Amino acid sequence: MDFQLTEDQRAIEEAARAFAEAELLPNSAKWDEDKHFPRDVLKQAAEMGFAGIYVGEEHGGMGLGRVEAAVIFEELSRGDVATAAFISIHNMATWMIDSFGSAELRERLIPSLVTMDKIASYCLTEPNSGSDAAALRTTAVRDGDHYVLNGSKAFISGAGASDIYVVMVRTGEEGAKGISAIVVENGTAGLSFGANEKKMGWNAQPTAEVVFDNCRVPVANLIGTEGDGFKYAMAGLDGGRLNIAACSLGGARLALDTALEYVEGRKQFGKPIGSFQNTQFKLADMATDLDAARLMVRRGAWAIDTAHPEKTKWCAMAKRFATDAGFQIADEALQLHGGYGYLKDFPLERIVRDLRVHRILEGTNEIMRVIISRELSQT
């Protein structure tokens, strides 16, 4: 096993770190407070190549793998978790179009997605279909050279702000085999959005319901083959889970760094609280859990890149462990700050709020346990 990043991977890591420190970290508190979606900064991220991480170079992408993506999203999320997480969602939607879309669809959409002249949302979850994604009810009925969509999607990041919506719809029978993937472009008649959700965290990106009311979409916008949409969605979720796990690493790392600095300066009973053994043990455990989580995330990324037969199990393990550990590290860092950690003058309360949702989305951590146990029973 080689745990070292290559020279090229180190360069990517340094570029992402520099961008996060210059453009994300100084603005993250303000974006959270104002609920501001920083489209201008997203375009700057795209100029760095971070909007087309997996896209081939022929369409302006970086053509990178999942290990590089894990490195990028850890660094970006240390600057701002919510913005990094949205970039990961945009990349997942873009990857699906690039991997399974027709040549015409790819040529028409991918270049503008890579530059983030257009931004993309991923639409799978519905009001009555969360963990049981194969039970989705949004329909797409063929009518000549169009599909007519009816239904709604819930908790969609970027809803109302995005230009492209990659939507899982039912075109056939019940269950996974009746699901297809289709691109719906903003401005299409019959497409509308609910009010922006009032969320605990992730305030730097909008989240809302996406509604389809006799929404007519050209058949040319179908991604791949009718009936294969669920297969495409599941193929993307291994990587999506790792990206969210990597975002937990970055947020937890900022929390740990903030705590390390604080305990050296904060004095109680005549000496820095960092000199107390209880504090030292807590910090040691936080650092150990963070390192263990990073190793699991990068193993999962390597498994996807090498098509390892255990990739789904390892990605589920990494997502479960890293998102739980990341939240716990942030919470412990807040505790070390005492009452100050509860104030918005410090980043801890925001990190705790932003990281909490990572244990829910891309498959809840309870569902990760289901996946892991199912994979174990097959070995």
Side-chain angles (χ1 to χ4, degrees), residues 88-89 92-97 99-101 120-142 147-159 164-184 194 207-212 215 217 219 221-245 300 304 309-320 323 357-378:
S88 80
I89 293 166
M92 183 163 66
T94 302
W95 168 85
M96 186 176 287
I97 297 170
S99 296
F100 305 110
S121 290
Y122 178 85
C123 304
L124 176 61
T125 300
E126 295 184 1
N128 296 308
S129 173
S131 296
D132 186 12
L136 65 86
R137 294 296 176 194
T138 297
T139 59
V141 177
R142 182 77 178 260
Y147 286 104
V148 181
L149 276 63
N150 283 284
S152 63
K153 298 292 180 177
F155 307 123
I156 304 305
S157 292
I164 300 294
Y165 297 87
V166 174
V167 188
M168 306 306 121
V169 294
R170 185 161 302 285
T171 52
E173 63 189 81
E174 294 294 312
K177 293 182 179 179
I179 295 172
S180 301
I182 193 164
V183 170
V184 180
T207 303
E209 189 174 17
V210 179
V211 181
F212 309 97
C215 181
V217 179
V219 170
N221 282 22
L222 179 71
I223 298 175
T225 304
E226 190 172 294
D228 282 346
F230 194 76
K231 179 174 67 176
Y232 304 153
M234 293 304 102
L237 277 179
D238 278 345
R241 287 164 180 160
L242 286 183
N243 289 346
I244 287 301
I304 294 178
E310 295 189 273
K311 63 184 176 67
T312 294
K313 179 180 71 176
W314 287 347
C315 289
M317 287 179 168
K319 195 273 182 181
R320 203 291 298 165
T323 57
V357 74
H358 293 191
R359 300 165 72 191
I360 298 172
L361 49 78
E362 302 289 1
T364 67
N365 284 4
E366 289 73 22
I367 291 296
M368 295 306 101
R369 291 176 173 90
V370 172
I371 293 168
I372 294 163
S373 62
R374 185 176 62 214
E375 294 286 325
L376 289 174
S377 68
Q378 295 173 357

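The first residue of the sequence shown is numbered 1, and numbering continues consecutively from there. Note that the structure is predicted; figures quoted are calculated from it, not measured.
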field: Thr364 OG1 to Arg320 CZ distance, which is reported to the nearest 0.5 Å
entry: 12.0 Å

field: Residues Thr312 and Asp238: side-chain donor-acceptor under 3.5 angstrom
entry: yes

field: Chi angles and distances behind the side-chain contact (heavy atoms from CB on, under 4.5 Å) call for Ile182, Leu149
entry: CA-CA 10 Å; Ile182 193 164; Leu149 276 63; 4.2 Å; yes

statement: Residues Ile304 and Cys315: closest non-hydrogen pair is CD1-SG, 3.6 Å

Verdict with supporting geometry, Met234 and Leu237, side-chain contact (heavy atoms from CB on, under 4.5 Å): CA-CA 5 Å; Met234 293 304 102; Leu237 277 179; 3.3 Å; yes

message: Rounded at 0.5 Å granularity, tell me how far CD1 in Ile156 sits from SG in Cys123.
response: 4.5 Å

statement: In terms of heavy-atom contacts, Ile97 and Ile164 come closest through CD1-CG2, 4.2 Å

- prompt: Which of parallel (below 30°), tilted (30 to 60°) and perpendicular (above 60°) describes Phe100 and Tyr232?
  reply: parallel

query: For Phe230, which residues count as a ring-ring contact (aromatic ring centres under 6.0 Å, His included) partner, sequence neighbours excluded?
result: none

task: Quick one: do Leu242 and Trp314 satisfy side-chain contact (heavy atoms from CB on, under 4.5 Å)? Show the steps, please.
output: CA-CA 10 Å; Leu242 286 183; Trp314 287 347; over 6 Å; no

- prompt: Should Ile371 and Lys319 be marked as a side-chain contact (heavy atoms from CB on, under 4.5 Å) after you check the CA-CA gap, both sets of side-chain angles, and the distance that decides it?
  reply: CA-CA 11 Å; Ile371 293 168; Lys319 195 273 182 181; over 6 Å; no

message: Counting C-beta onward and ignoring hydrogens, is there a side-chain heavy-atom pair between Val217 and Phe212 closer than 4.5 Å?
response: no

message: Going by ring-ring contact (aromatic ring centres under 6.0 Å, His included), name the residues that satisfy it together with Tyr147, two or more places apart in sequence or in a different chain.
response: none

- request: Please answer whether the main-chain N or O of Arg170 pairs with a side-chain N or O of Arg137 as donor and acceptor at a distance below 3.5 Å.
  value: no

task: Please report the closest heavy-atom contact between Met92 and Glu362, naming both atoms and the distance.
output: CE-OE2, 3.6 Å

field: With sequence neighbours excluded, residues passing side chain to side chain donor-acceptor pair (under 3.5 Å) with Glu126
entry: Thr138, Lys153

query: So which heavy atom on Ser121 is nearest to which on Ser157, and how close?
result: OG-O, 2.6 Å

task: State which residues pass side chain to side chain donor-acceptor pair (under 3.5 Å) with Arg369; sequence neighbours excluded, sorted by chain then number.
output: none

message: Distance check, rounded to the nearest 0.5 Å: Ile360 atom CD1 versus Phe155 atom CZ?
response: 9.0 Å

- prompt: Can you list the residues that meet the ring-ring contact (aromatic ring centres under 6.0 Å, His included) rule with Tyr165, with sequence neighbours excluded?
  reply: Phe193

query: Any donor-acceptor pair under 3.5 Å linking the side chain of Ser180 with the backbone of Gly229?
result: no

task: Would you confirm whether Ser99, through its side chain, and Met96, through its main-chain N or O, come within 3.5 Å as a donor-acceptor pair?
output: no

field: Distance (rounded to the nearest 0.5 Å) between Ile244 CD1 and His358 NE2
entry: 4.5 Å

- prompt: If you take all heavy atoms of Ala154 and Pro127, which pair is closest and at what distance?
  reply: CB-N, 3.8 Å

message: Just verifying a value: how many Å separate Thr171 OG1 and Arg142 CZ, rounded to the nearest 0.5 Å?
response: 10.5 Å

- line: The side chain to side chain contact (heavy atoms under 4.5 Å, CB included) partners of Arg359 (sequence neighbours excluded) come to Thr323, Asp324, Phe327, Arg356, Asn365

query: How many angstroms lie between OG in Ser152 and CG in Leu136, if you round to the nearest 0.5 Å?
result: 11.0 Å

